[in-house]
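First up is the structure itself, then whatever we jot down about it.
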Amino acid sequence: MEFRDLKRQYQAHRVQIDNALQEVIDSTHFIMGEQVARLEKELAGYTGVKHCIACGNGTDALQLTLMAWGIGPGDAVFVPDFTFFSSGEVVPLTGATPVFVDIDRETYNISIESLQAAVTYVLQNTDLRPKVVVAVDLFGQPADYRAIRRIAEQYGLLILEDAAQSFGAVAEERKTGSFGDISTTSFFPSKPLGCYGDGGAVFTENDEWADRLFSLRVHGKGSDKYDNIRIGMNSRLDTVQAAVLLQKLKFFDEELEACGRVADKYSEALKDIVRIPRQVDNTRSSWAQYTVCLQDTEERERVIAQMKADGIPSAVYYNKPMHRQKAFADGLIRAVPCENTEYVCARCLSLPFHPYMEDGEIEAVCSSIRRAVTV
Ligand SMILES: *Cc1c(COP(=O)(O)O)cnc(C)c1O
């Protein structure tokens with residue numbers, strides 16, 4: 001069994017994807033071919049956001065956003081303690097200071113109480129200016145934007161929605177990618193909407209920020225690419241990746257529906273033996289991961305070993321809080337305790353998950369877990 005079976009998706013849509021790839025090769029417009037602008041238009045339509053700026057990957061998308069806002073030394077950027085490294089990595093790259101915030105144990109997303117406490121701490125105990133909150137929609141579940149907006153308004157924070165894991169998810173009857181002042185996503189192959197290499201995108205309603213983002217992704221270009229008006233990056237989306245994504249968008253919603261069915265089957269089978277992920281009312285997750293919590297690390301080790309013996313892969317996303325990563329040790333600000341993050345890191349386990357999973361496979365995973373937790 002594979003953890004996320006990308007081969008089945010390719011087999012199911014092979015002809016249309018092969019044709020789209022061949023078209024790019026025949027055109028030899030490998031950089032900024034017409035598919036890139038076409039994809040940007042379709043993604044803007046899909047999310048309901050005015051501007052989409054495609055770029056090299058989801059990490060660059062975050063960095064481009066902070067650059068567009070002019071974030072730098074002396075600025076505090078609030079980041080959940082439980083996320084993929086990128087969400088925080090881009091902050092010191094701009095010279096700003098990351099401040100890690102605890103999560104909610106049930107949704108795995110940023111805790112509003114902890115965010116409030118962290119902002120208060122920074123105002124009272126440091127010289128930093130609170131500027132941005134990075135709201136991550138972890139494992140595909142949208143963060144609590146109603147509450148985040150309240151705090152952002154109170155303290156004048158910009159919201160950067162990191163929707164790398166949640167493309168296609170829905171809350172407040174809107175798609176993710178529309179909740180940030182600027183939102184970003186990733187098309188890394190195993191993300192909900194994945195391409196065949198690296199890729200990413202930035203979304204915003206704001207015309208001025210969009211102009212700046214289009215410039216920043218091509219060396220800070222002005223009227224043309226040999227007119228450079230600011231320091232930027234080289235972060236374009238390859239035409240080949242845009243062509244793949246244009247095809248995959250056509251069956252993306254069907255895949256998301258299949259993901260919902262797989263998640264419901266897992267939850268039904270596992271709800272009495274492990275802590276299943278909470279699905280917030282009136283939201284649709286895009287299920288980048290299906291992540292459960294075991295009683296303790298020992299039980300998790302037992303489950304991993306049993307699954308391995310049964311030929312079933314699993315993964316621990318994530319086993320270390322951000323504030324414990326050595327990369328952030330220099331000048332680390334401990335504004336708030338992150339006990340829920342510590343709790344989840346010690347117990348979380350992500351199960352094989354993709355829209356092409358068959359009932360027999362789901363049952364095999366569940367019975368393997370059942371054997372390990374009832375010994
Ligand atoms: C994958 C991911 C990123 C980075 O995306 P890349 O395309 O791999 O650079 C950023 N944030 C989160 C939460 C992610 O899961």
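Note that ligands are numbered from 1 as they come in the structure, with each ligand's atoms numbered from 1 the same way.
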Checklist entry - Near Val136, which atoms of ligand 1 are under 4.0 Å from a heavy atom of that residue? => result 13 (C)
Checklist entry - Which atoms of ligand 1 are found less than 4.0 Å from any heavy atom of Ser186? => result 5 (O), 6 (P), 7 (O)
Checklist entry - Heavy atom under 4.0 Å from ligand 1: found in Thr83's side chain, backbone, both, or neither? => result side chain
Checklist entry - Are any of the heavy atoms in Ser87 under 4.0 Å away from ligand 1? => result yes
Next on the checklist: Whether the side chain of Asp81 engages the backbone of Met322 through a donor-acceptor N/O pair (distance < 3.5 Å, no angle test) should be reported.
Outcome noted: yes
Checklist entry - Under the side chain to side chain donor-acceptor pair (under 3.5 Å) criterion, do Thr176 and Asp137 qualify, and how do the steps go? => result CA-CA 8 Å; Thr176 52; Asp137 305 322; 4.9 Å; no
Checklist entry - Can you check whether Gln165's main-chain N or O pairs, donor with acceptor, with Ser286's side chain at less than 3.5 Å? => result yes
Next on the checklist: Please find the pair of heavy atoms, one from Tyr343 and one from Arg347, that lie closest to each other, and give the distance.
Outcome noted: O-NH1, 3.0 Å
Next on the checklist: Applying a heavy-atom cut-off of 4.0 Å, say which part of Thr59 lies close to ligand 1: side chain, backbone, both or neither.
Outcome noted: both
Checklist entry - Side-chain donor-acceptor pair under 3.5 Å between Asp18 and Tyr10, yes or no? => result yes
Checklist entry - Any idea which atoms of ligand 1 are less than 4.0 Å away from a heavy-atom of Gln165? => result 13 (C), 14 (C), 15 (O)
Item to check | Residue Asn57 vicinity, atoms of ligand 1 by number, heavy atom under 4.0 Å | outcome: 7 (O), 9 (O)
Item to check | Protein heavy-atom partner closest to atom 2 (C) of ligand 1 - residue, atom, separation in Å | outcome: Lys191 NZ, 2.5 Å
Next on the checklist: For the residue pair Tyr196 / Asp238, report whether a side-chain donor-acceptor contact shorter than 3.5 Å exists.
Outcome noted: no
Next on the checklist: Test your reading of the structure: does Gly58 have an N or O sitting under 3.5 Å from an N or O of ligand 1?
Outcome noted: yes
Item to check | Side-chain donor-acceptor contact under 3.5 Å, Asp104 with Ser111 | outcome: no
Checklist outcome for this item: Within the 4.0 Å heavy-atom cut-off, what Asp162 brings close to ligand 1 is side chain
